[in-house]
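What follows is a short report on a single structure.
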Protein chains: 2
Amino acid sequence: MKNVVSDCSIESIMRVLSGRWPTLLLYYLKDGTKRFNELRRDNPTVSHRMLALELRKLEAAGIISRIDHDGYPRRVDYGLTEAGRRLVPLIDALGNWWEEVEAERGAAPPLSQVA
Amino acid sequence: MKNVVSDCSIESIMRVLSGRWPTLLLYYLKDGTKRFNELRRDNPTVSHRMLALELRKLEAAGIISRIDHDGYPRRVDYGLTEAGRRLVPLIDALGNWWEEVEAERGAAPPLSQVA
C-alpha cells in the first residue's frame with residue numbers, strides 16, 4: 001500500500017468514489033453514453049442537483065466526459081473516458097471481493113477473538 | 001461490471017469504504033496489529049468517537065478483527081483479517097489508477113468535448 005499518505009492518491013480517489021452515486025453512475029455509463037434525464041430515470045431516487053454535482057465531480061476527476069452536441073434542441077451526453085473505462089474492472093474487483101467475503105462469512109465463526 | 005444492482009455488492013463495499021478513514025485505517029493496519037491509541041496517534045485529526053465507529057464498521061464488514069487480550073491492564077488490538085489483507089492490493093490498484101490518470105492529465109487537453 002502507498003507509503004506516502006499526506007497527498008495520498010488513495011484518499012483522493014476515495015473522495016471521488018465515496019457515497020452511493022459515483023460507482024452506480026459508472027455502472028450505468030459502462031455500456032455507452034447517456035443523457036442527464038436517462039441517468040435520472042436509471043436512478044429515480046437521485047435529485048437533479050445531486051446528479052449534476054456527482055457528474056461534475058466525476059468529470060473533474062477525469063472519469064467521465066460531457067459531450068455537448070451543437071444544434072437545437074440542445075443535447076448533452078455523458079460517457080466514460082478511457083481512464084473511466086480502466087476504472088470499471090477495479091470497482092468490479094471490490095464487488096467480487098465483497099461477494100467472496102460474504103460467502104466465507106456465511107460459513108465462518110464470529111470475527112472477534114479473545115487471545 | 002455487476003449486472004444486478006439492487007443488492008449490489010459494489011454499493012455495499014463502497015458504503016464501508018466511503019469517507020476519509022476506512023482506507024487510511026487499512027493502510028495503518030497493513031503491517032500489523034495496532035491499539036486504539038496507536039491508531040489515534042497515527043490519525044491525529046480523527047475523534048475518539050469517529051475512530052471507534054469506523055473500527056466497528058470495518059470489523060462488521062470482516063475487514064479487521066478486534067483481539068481482546070485477557071489480563072490487567074486490559075489490552076485490545078486491531079488487525080486486518082485474512083479478507084482484509086486481500087482487500088489491500090485492490091485499494092492500492094485504485095491509488096495507482098489515480099496516479100496514472102493524474103500523470104496523463106498533466107499532458108492531456110481539457111476533458112469536455114464539443115461534438
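In what follows, every heavy atom counts, from backbone to side chain, and hydrogens, waters and symmetry copies are set aside. Treat the numbers as computed from the prediction; the structure is a model and nothing was measured. Proteins get letters first, then strands, A, B, ... in listed order; numbering begins at 1 in each.
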If Ile, Leu, Val, Met, Phe, Trp and Tyr residues are connected whenever their side-chain heavy atoms lie under 4.5 Å apart, and connections chain through other members, are A:V76 and A:L39 in the same group?
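Yes; A:L39 is reachable from A:V76 via cluster members.
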For residues [X] and [Y], report the shortest heavy-atom separation together with the two atoms involved.
X      : Y      : answer
B:A83  : A:E104 : CB-OE1, 4.4 Å
B:G19  : A:M14  : O-CB, 4.5 Å
B:G95  : A:S9   : O-OG, 3.4 Å
A:V101 : B:R86  : CG2-NH2, 3.9 Å
A:R105 : B:A61  : NH1-C, 3.1 Å

Can you tell which of A:I10, A:V16, A:L94 makes a side-chain contact (heavy atoms from CB on, under 4.5 Å) with B:L94?
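The single option meeting the side-chain contact (heavy atoms from CB on, under 4.5 Å) with B:L94 is A:L94.
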Do B:L90 and A:L90 make a side-chain contact, defined as non-hydrogen atoms from C-beta onward lying under 4.5 Å apart?
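SC-SC contact between B:L90 and A:L90 ruled out.
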Applying salt bridge (charged side-chain N to carboxylate O under 4.0 Å, His left out) as the test, list every pair that has at least one member in residues 14-29 of chain B; sequence neighbours left out.
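For residues 14-29 of chain B, and leaving out neighbouring residues, the salt bridge (charged side-chain N to carboxylate O under 4.0 Å, His left out) pairs sorted by first residue read A:E11-B:R20, B:E11-B:R15.
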Separation of B:W98 CH2 from A:L87 CG (nearest 0.5 Å):
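It is 10.0 Å, given to the nearest 0.5 Å.
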Could you go step by step and tell me if A:W97 and B:I91 meet the side-chain contact (heavy atoms from CB on, under 4.5 Å) rule?
CA-CA 11 Å; A:W97 175 89; B:I91 303 294; over 6 Å; no
Where at least one partner belongs to residues 33-56 of chain B, residue pairs that pass ring pair (Phe, Tyr, Trp, His ring centres under 6.0 Å), sequence neighbours excluded
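For residues 33-56 of chain B: B:F36-B:H48.
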